[in-house]
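Heads up, the thing below is written out as structure tokens.
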Amino acid sequence: MTFEEAKQRIAELSKTIHYHNYQYYMLDNPSIEDYDFDMLLNELIALEKQFPDLILPDSPTQRVGGNVTKQFQQVAHKHQMLSLGNTYSQGELNEFFSRTANLLQTSDIEYVCELKYDGVAISLIYIDGILKQAVTRGNGMIGDEVTTNVKTIKTIPLRLHGNYPKELEVRGEIIMPHESFNTLNKEREDIGETKFANPRNAASGSLKLQHSAEVAKRGLEFFLYYVYDDSNAYQNHFQSIIKMKEYGFKVNPFIKTCTSPSEVFEFINYWDKQRANLPFDIDGVVIKVNRYDYQYQLGATNKNPRWAIAYKFKAERVLTQLLSVDYQVGRTGIVTPVANLEPIFLAGTTVKRATMNNADFIKEMDIHQNDFVYIEKGGEIIPKIVAVEKKMRKTNSLPIQFISTCPDCGATLIRNEGEAGVFCPNVNLCPTQIKGKLLHFISRKAMNIEGLGEEKINLLYEKGLLQNISDFYKLTYNQLFGLNKTFSSTDKDLDKSISFKEKTTENLLLAIEKSKNVEFERVLFAIGIRFVGEVSAKKIARHYGSIEALMTTTMEELLSIEDVGDKVAQSIITYLQDKNNIDIITQLKHFGLQFSCVSNSEKLLSNKLKGMNFVVSGTFSSPQRRKEIEEMIELHGGKNVSSVNKKLSFIVAGNNMGPAKLEKAQQIGIPIISEQEFLEMINSPLEK
């Protein structure tokens with residue numbers, strides 16, 4: 001393909017993909033099958049790799065990320081990003097209405113009510129319809145440029161539609177919906193990382209990630225709340241927001257014009273009750289004077305506009321006493337403090353315990369022994385300490401000191417530089433870590449061994465039958481049958497017992513035997529390497545193909561895999577250098593677990609490429625053709641890898657092979673063959 005042909009095709013593909021993105025993310029009206037969309041995007045990615053000079057500033061490929069930002073540049077805002085004044089009472093809001101009417105010398109004022117999204121404020125600058133810059137609020141005068149990361153958010157248009165102005169600034173809030181937040185925290189828990197306290201913190205942290213591809217996975221969304229258009233095309237705020245639909249923005253329906261304070265209060269009261277049903281967090285309602293000329297007349301103080309105010313919902317908060325602090329150890333050794341409280345009723349339930357996050361939280365909150373603390377329910381669900389009532393503190397009360405030794409095994413706790421979590425390093429002997437690893441191993445997304453739960457795992461551990469994950473495959477009928485235990489409760493009617501009867505035992509042994517067929521990628525996730533989650537385990541397994549190949553890997557090769565960073569790579573190498581872990585893997589292999597990718601073994605056409613590693617680079621007749629070549633390599637016993645190194649056998653090169661790969665291949669003497677030469681290789685008869 002010539003340069004001009006590529007230029008035309010890239011423009012066509014970009015326009016088509018932008019259209020389908022708009023239909024899907026802005027209008028909730030998909031007009032193409034996922035597979036067909038992926039094929040268009042893959043073709044565009046391949047063309048951009050071949051012709052990097054033709055990458056457009058609003059290319060749809062930026063939605064998936066890939067760029068790395070080592071340092072975020074500070075940028076001055078053209079219009080200061082003021083913060084809103086807050087009010088928590090109807091009386092204070094009535095004062096706002098009276099003050100506004102007095103300043104404007106009229107009571108005929110229309111207001112706009114919007115939800116106050118609990119996220120991160122952002123300013124988006126569009127020049128000639130293209131997103132040029134995204135800047136955080138910062139101190140209101142200067143913020144951090146996070147354009148690369150913001151481009152991955154699918155509800156932010158990269159190119160505007162319609163008759164847009166030459167320059168446009170759109171302000172809004174970047175939020176993380178509950179579903180994305182819960183998924184992210186579950187993944188962090190699975191790999192041993194500290195969970196985010198709330199969606200707002202998660203959204204803020206996501207915007208500052210160095211790898212934009214990671215941001216793309218976080219499921220962030222954008223809700224606009226203000227528009228600056230120097231062309232003065234609109235008479236009021238509501239008009240400008242609705243107009244943004246024509247430009248390609250997704251405008252939420254949670255906005256209303258009100259002609260009187262009573263209508264404003266109706267809106268507030270409605271959403272105070274309904275906010276629990278929203279799929280994202282809000283913490284109030286924003287009330288704005290609608291007309292722009294009135295806004296200009298009212299002006300602003302040094303910090304707040306006089307034409308807008310935020311009515312904050314009161315989170316239900318109660319005061320109770322801290323009785324003690326427990327420390328829980330997770331399967332990866334992370335130690336989490338939990339407050340034991342004087343029981344108190346809050347938001348429909350009696351609260352006895354609350355999260356304290358980590359050592360930094362205790363220090364920053366300045367929590368002392370037997371303090372009186374305020375409790376709220378985060379997201380209306382999880383109790384958390386939000387403040388300390390220091391006026392009620394006893395004079396001899398000492399600060400809470402985070403423990404220095406593991407509460408379960410006594411090992412000295414460790415905190416790595418740059419990590420919030422404190423953890424127990426005694427991974428092979430700490431009882432709680434051992435039981436946590438056993439539970440993780442049998443979980444649904446790992447080995448999916450049914451018939452076991454926490455109580456049964458505890459019983460088998462206490463009986464000495466389970467000490468590590470390989471012990472599952474040593475269990476026998478005679479060992480299990482007849483085991484039982486009763487768990488006592490303060491209420492005898494709630495006492496429960498577990499027992500291994502005949503059918504229970506038989507079903508468990510069948511489930512353990514069935515788990516031997518679980519594919520390598522899930523086994524890799526199940527063995528519990530710190531920071532290796534379900535998704536990264538899949539990519540690592542498919543990259544290496546076997547545990548043997550992974551055991552001989554290097555940091556360099558691990559870092560070449562998508563989604564594998566320094567922390568994950570180092571954790572894998574450390575895990576696989578530990579003699580105890582090697583012994584367990586050896587035993588699991590002996591018992592028949594899958595430690596190699598065998599999904600294509602039954603479909604092998606030949607072993608002509610057995611033991612050979614290939615890189616497929618450059619562009620071919622279509623993106624599908626490149627995938628077909630990679631499949632042919634595997635069908636003839638070979639292995640696809642992504643990096644050029646001394647273990648590589650051949651590079652199958654199409655047109656415009658990447659210059660960096662070409663240079664490295666020439667330096668270390670890797671043979672470069674064409675598609676035709678590759679086909680001749682697999683079609684030739686085997687040598688005798």
Side-chain angles (χ1 to χ4, degrees), residues 25-26 28 81-88 93 111-124 134-138 140 143 146 149-150 152-157 169-182 184 196-208 215 218-228 237-238 240-242 244-245 249-258 264 267-288 290 304-305 307-315 376-381:
Y25 292 104
M26 309 302 179
D28 295 322
M81 290 190 78
L82 298 170
S83 58
L84 292 174
N86 293 327
T87 177
Y88 293 87
L93 192 52
Y111 296 94
V112 176
C113 289
E114 303 168 81
L115 301 185
K116 188 176 184 300
Y117 306 108
D118 195 12
V120 183
I122 199 80
S123 168
L124 307 175
V135 184
T136 62
R137 181 183 180 277
V146 289
N149 287 345
V150 163
T152 67
I153 301 172
K154 295 180 174 64
T155 46
I156 292 179
E169 179 180 0
V170 177
R171 290 182 176 177
E173 203 86 359
I174 289 175
I175 63 103
M176 181 174 285
H178 294 156
E179 183 178 359
S180 300
F181 175 71
N182 293 333
L184 175 62
F196 283 109
N198 53 59
R200 178 177 51 79
N201 287 357
S204 178
S206 299
L207 276 186
K208 290 299 184 71
V215 185
R218 293 289 177 92
L220 300 174
E221 291 192 16
F222 172 74
F223 295 157
L224 64 91
Y225 60 65
Y226 202 75
V227 179
Y228 280 104
H237 172 69
F238 187 79
S240 70
I241 296 296
I242 299 304
M244 293 303 105
K245 287 183 180 180
F249 286 93
K250 184 174 184 177
V251 176
N252 283 297
F254 317 120
I255 181 172
K256 182 182 179 182
T257 56
C258 300
V264 171
F267 186 91
I268 289 171
N269 293 333
Y270 176 83
W271 284 110
D272 194 8
K273 296 174 183 176
Q274 293 297 319
R275 57 182 164 135
N277 299 322
L278 290 169
F280 49 82
D281 284 350
I282 63 171
D283 57 0
V285 168
V286 177
I287 301 99
K288 300 172 183 173
N290 192 21
N304 314 119
W307 45 266
I309 195 167
Y311 182 93
K312 299 288 286 289
F313 294 134
K314 290 180 181 177
E376 292 180 3
K377 283 192 176 182
E380 309 299 329
I381 299 171

Open item on the list: Rounded to the nearest 0.5 Å, what separates atom CG in Leu220 from atom CG in Leu184?
Closed with: 9.5 Å

TODO: Could you list the residues that satisfy ring pair (Phe, Tyr, Trp, His ring centres under 6.0 Å) with Tyr225, not counting sequence neighbours?
DONE: none

Open item on the list: Any non-hydrogen side-chain atom of Val170 less than 4.5 Å from a side-chain atom of Phe222?
Closed with: yes

Open item on the list: Would you say CD of Glu179 has more than 12 non-hydrogen atoms from neighbouring residues, nucleotides or ligands within 6.0 angstrom?
Closed with: no

Open item on the list: Could you measure the distance from the CG atom of Asp118 to the CG atom of Asp283? Nearest 0.5 Å is fine.
Closed with: 4.5 Å

TODO: For residues Met244 and Val251, report the shortest heavy-atom separation together with the two atoms involved.
DONE: CB-CG2, 4.2 Å

- [ ] Might you work through the side-chain contact (heavy atoms from CB on, under 4.5 Å) test for Leu84 and Ile309, ending with a clear yes or no?
- [x] CA-CA 6 Å; Leu84 292 174; Ile309 195 167; over 6 Å; no

TODO: Flag the pair Ile156 / Val150 as yes when at least one side-chain heavy-atom distance between them is below 4.5 Å, and no otherwise.
DONE: yes

Task: Minimum heavy-atom distance Val146-Leu207, with the two atoms named - done: CG1-O, 3.6 Å

- [ ] Determine, using ring centers only, whether His178 and Phe280 are less than 6.0 Å apart.
- [x] no

- [ ] Indicate whether any N or O donor in one side chain lies under 3.5 Å from an N or O acceptor in the other, for Ser83 and Asn304.
- [x] yes

Task: Aromatic contact, Phe181 with Phe196 (centres under 6.0 Å) - done: no

Task: CZ-NZ distance between Phe267 and Lys256, expressed to the nearest 0.5 angstrom - done: 8.0 Å

Open item on the list: I want to check something: taking the side chain as every heavy atom from C-beta on, are Arg218 and Ser180 in contact at a cut-off of under 4.5 Å?
Closed with: no

Open item on the list: Working note: Val285 + Lys116, criterion side-chain contact (heavy atoms from CB on, under 4.5 Å); need CA distance, chi angles, decisive distance, verdict.
Closed with: CA-CA 5 Å; Val285 168; Lys116 188 176 184 300; 5.8 Å; no

- [ ] Please assess Phe249 against Ile241 for the test side-chain contact (heavy atoms from CB on, under 4.5 Å), listing each intermediate value before the final yes or no.
- [x] CA-CA 9 Å; Phe249 286 93; Ile241 296 296; over 6 Å; no

Open item on the list: In the structure I gave you, are the side-chain heavy atoms of Leu115 and Leu278 within less than 4.5 Å of one another anywhere?
Closed with: yes

Task: Approximate separation, where rounding is to 0.5 Å, of Ile242 CD1 and His237 NE2 - done: 9.0 Å

Open item on the list: Rounded to the nearest 0.5 Å, what separates atom CD in Glu114 from atom CG in Asn252?
Closed with: 10.0 Å

Open item on the list: Minimum heavy-atom separation for Val120 and Ala203, please, with both atom names.
Closed with: CG2-C, 4.1 Å

TODO: Just say parallel, tilted or perpendicular for the rings of Phe254 and Trp271, cut-offs at 30° and 60°.
DONE: perpendicular

- [ ] Quick one: list whatever passes side chain to side chain contact (heavy atoms under 4.5 Å, CB included) with Val264, sequence neighbours left out.
- [x] Leu93, Phe97, Tyr111, Cys113, Cys258, Ile268, Ile287

- [ ] Please list, chain by chain and in numerical order, all residues satisfying salt bridge (charged side-chain N to carboxylate O under 4.0 Å, His left out) with Glu169, sequence neighbours excluded.
- [x] Arg171

- [ ] Would you indicate whether the side-chain heavy atoms of Ser206 and Met176 approach each other to under 4.5 Å?
- [x] yes

Task: Derivation and outcome, side-chain contact (heavy atoms from CB on, under 4.5 Å), residues Arg275 and Asp272 - done: CA-CA 6 Å; Arg275 57 182 164 135; Asp272 194 8; 3.3 Å; yes

